[in-house]
Structure formats: structure tokens, C-alpha cells
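Structure first, then comments.
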Number of protein chains: 2
Amino acid sequence: MARPAKVSPDRILAAAAAEFAARGYAGARVDRIARRARVNKAMLYYHFGSKQTIYRTLLRQVFAGAAAKLIAIAETDRPTADKIDQVIETIAAFMAEHAFFPSIMLREIAEGGAHLDPETLKALASVPAAVARIVHEGVRRKSVRAIHPVAAYFTMLAPLVMYLGGAPIRTELTAQHLIDLTALTPDRFVRELQQSMRLALAAPSARRSSR
Amino acid sequence: MARPAKVSPDRILAAAAAEFAARGYAGARVDRIARRARVNKAMLYYHFGSKQTIYRTLLRQVFAGAAAKLIAIAETDRPTADKIDQVIETIAAFMAEHAFFPSIMLREIAEGGAHLDPETLKALASVPAAVARIVHEGVRRKSVRAIHPVAAYFTMLAPLVMYLGGAPIRTELTAQHLIDLTALTPDRFVRELQQSMRLALAAPSARRSSR
DNA sequence: GTCTATACTTCGATAGAC
DNA sequence: GTCTATCGAAGTATAGAC
């Protein structure tokens, strides 16, 4: 559902992703989605039936895609510290590939899931669930300090989502000379975050290493 | 601009805060703001002139309020580690007092500042600026490890914003039995985050303490 | 499957009486 | 300052020809 997309529904979903990310559910315009997808608006209703259905289909796909990658990491049998490193890297890569994902995630959290049906909510929930599972295992094995897995989830992924989703406003703030972002590339940000999380989550016995 | 509010404009701003937080700029309805504020819609236009002006006025106030608290912390002469602890605590308290703040912040980041004028952008920028200043000072004094101050800002505050702003959706996920939030109160979350940040940001020489 | 034209609704904003 | 009534624009969705 990413960039190429030859079939109508896929092109529509790709266009919808950009529109919903930039404007939010309420701000998104069906006409604009149709135009961006280069399909007639009637086609869009022919395939999906409503704006809401497009939105839910899109979110279900993207949450399921992200969760699948995290679950694959969880099922590895590597040390938890490595898995956490991978979670950060993998989500960063996923968001780089699906640039609309951070914005939509930020908006949906703020929205309280108002536009989501139970199935889509379930897909959304599988993301923190997968991360929490990894952290929980680490805590059980005493390689991660005693922390609530959901607290760890937010500590790990919220910075990533807000940093990557905040790219447009940072551009704006930089243009107005209101903030100094010298040398903070996305790549460096990811490495800084990995480092911070290694330090923040390591069990006391496992501390000292900073790689 | 918080809860009590006797004068019309203040009541309008308080109502607008709730409406914008719950629905976003595009989703917010002027009629609903007027109703919530128990003023006639015409009064609302009499005082503010447009939906956009209400939004900008609100955001300028709230960002300035948050930044003021952070600047006060920055100007203290306590150890940086303590200041960082205080930043987390203070922002958490500020968001508890202004429950609409996290949602609006999440939305505005996703929106890329589309509805903001330069002055409001400046108010927004003063929040990360204050935090970055504290971190930068710590790095200079070698009590904080070498990290980009803006990276540290996101690592510290994004979890707080997403966790607190995500309260509605967590309620939803909990009701559907899709996530386990046993024992993760906001208070515990704040303490976990403070702990994580102490571990993540301490300079190598200053490590070992976990209080 | 595809398109044009349009029905129906909602919403931001204002006119104008008091 | 306050209210009622309403305008005009914009938006989702659909009917119906091809």
C-alpha cells in the first residue's frame, strides 16, 4: 500500500494516507484524495463506500504491518537488549518507508480512537502489545530493570513517533530560526535513542556496557 | 484560562480547549464551543472574530504558560539532574491541570503548525528551547552525557505527552481487553520516566546512582 | 468500471433588531 | 453586549448515463 500501486484501491489508499496524515480525519477531503489518486471521486465511493471505510482500511493495514515486524523480532531468541535495539531501528525504518505513519498515529491517539472500529483498534493494540511482550520477557529474565512494560513502550517509541512526525513543524521552526537542529539527523536521533534506552532499561546487574 | 473563568472570553477559551483537544482544529465546531461556553455564537465572533483566532489565542496562552514554568526551572542553580527531574514533574503537573494540552500538542505536531501564525510558533518553540537549554548546560558541565539537546527533549517529553494524551484511547483499549494496564497509574508513569531519564542522560562519570 | 451533475447537509460567519 | 435568523461556501455522498 506504499508508493507504486497500480490498482485503483491501492492508489486510493496511498493517496488517502498522504491526505489523512497532512490534514487528519476531519480535515481530509475526499475530493483531494481522489485527485491525488488520479481517480474519479465516484470510483472512490465505488471501491470503498465512504471516507470512514477508507480510513479504517488504511489504518488496519498499516498497524498490522508494523505489528508484524515487531512480532517477528519478539519471536527471535536473541538477548532482550538486542531486541529493543531492533525494535527502535525497525520502527524507525518502517516510518521512513511509510512517512505518513507517525502523523496518523499522533492524530489517532489525540482523537481517542473515535473513528476506529473494534477490528482496527485491535490492530492498533497489537503494536504496544508486541513491544510490551519483549520488555516483559526481559524483566522476567532480569536483563531489563523492573519497569512496567507499557511504560517502557511509551519511553521507547513516543520519542520516535514525535520526532519523525514532527518533521514538518521542525522545518517551519528552523526556517523561522526558532530552534537549533544542527547535526540532528534522523539517523543520529535513532542512535541516540537506542543508546538512551540501553542505559534506561538495562537491569542493574547488566549495566556498565554502552557498546 | 483553566476551569473557573467568569468572563466571556475566558469561558470561550476554556470551552475551545476542550473542543479542539477532542476534535482537532478541523473537527472542532464553533457551535459546540459556543454551547459548551454557554455563550451565544455571535458573542464568540464578537470577541474573537474567527475560529482561527480562538485557536491561536488559546495555543499562545498555553505554550507560554508551559514555557514559563520550564524557564523558571532553567534559571535555578541546582544540579542538572535535579532540573531534569523537575522538568518531567512540572510538565506532568501542567498537563494534569490542563488536560487538553497533550492532545492539542500531538495534533499540532502532526499538523505541521498549519494553523499557527509566527507569534504562536514562537511560543511553541520556547518549550523545547527551555528544555534544550537545561540539557545543554548539563552537557557543558559534564553531568549529562554528550547528547543532542533536542534529542534529549524528545526522549524526555514525548513519552509524557503521548502517555497523558493517550488516556482516552487507553481507556478504550482496556475496555476491549486489548491491553494490560494493571498498576500503571499516571503517577507511577512519571516516576518511571524520571528514573529512565536519570539513567539515560547521566554522564558516565556520574552514573551508578539510581536514588 | 468510469464519469458528470447534483442532491443534501453541515458549518463558519454575519446582518440587523434590541 | 446579546440574540435570532439566515446566507453562502464547502463537503460527503449518490443518481444515472455510458
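Just so we're on the same page: letters track the sequence lines, and every chain starts at 1.
Looking at A:T182 and A:D180, their side chains do bring a donor and an acceptor atom within 3.5 Å of each other.
The ring of A:F20 has its center no closer than 6.0 angstrom to the ring center of A:F100.
Here the P atom of nucleotide D:dT12 and the CZ atom of A:R23 are 12 Å apart, to the nearest Å. Going from atom CZ of A:R35 over to atom P of D:dT12 covers 13 Å, rounded to whole Å. Here the C1' atom of nucleotide D:dG1 and the CG atom of B:L44 are 14 Å apart, to the nearest Å. In this structure, CD1 of B:I33 is placed 18 Å from P of C:dT10, rounded to the nearest angstrom. In this structure, A:Y46 atom OH and C:dT2 atom C1' are separated by 10 Å, rounded to whole Å. Atoms OH (B:Y55) and C1' (C:dC11) sit 18 Å apart, rounded to a whole Å. Separating the CE atom of B:M43 from the P atom of D:dT4 is a distance of 13 Å, rounded to the nearest angstrom. Atom P of nucleotide D:dT12 and atom CD of A:Q52 are separated by 13 Å, given to the nearest angstrom.
Residue A:R29 places no side-chain N or O under 4.0 Å from the OP1 or OP2 atom of D:dA10. For C:dA13, one of the phosphate oxygens OP1 or OP2 lies less than 4.0 angstrom from a side-chain nitrogen or oxygen of B:Y45. Put simply, A:N40 has a side-chain N or O that comes within less than 4.0 Å of OP1 or OP2 on C:dT4.
As judged by a 4.0 angstrom heavy-atom cut-off over every strand, B:A26 is placed among residues making no nucleic acid contact. Across all strands shown, B:A34 has no heavy atoms under 4.0 Å from either base or sugar-phosphate atoms.
Comparing B:K41 and A:R32 by the nucleotide of DNA chain D that holds the closest heavy atom to each, the one mapping nearer the 5' end is B:K41.
Checking C:dT2, D:dT2, C:dC3 against every side-chain atom of B:S8, the shortest atom distance belongs to D:dT2. For B:K51, counting side-chain heavy atoms from C-beta on, the closest listed nucleotide (D:dT12, D:dT2, C:dG12) is C:dG12.
Partner of A:L58 under the side-chain contact (heavy atoms from CB on, under 4.5 Å) criterion, out of A:T120, A:I104, A:T53: A:I104 alone.
A cation-pi contact, defined as under 6.0 Å to the ring centre and within 45° of the axis, is absent between A:R56 and A:F48.
Proximity of a side-chain donor or acceptor of A:K83 to a complementary backbone N or O of A:T76 within less than 3.5 Å is detected.
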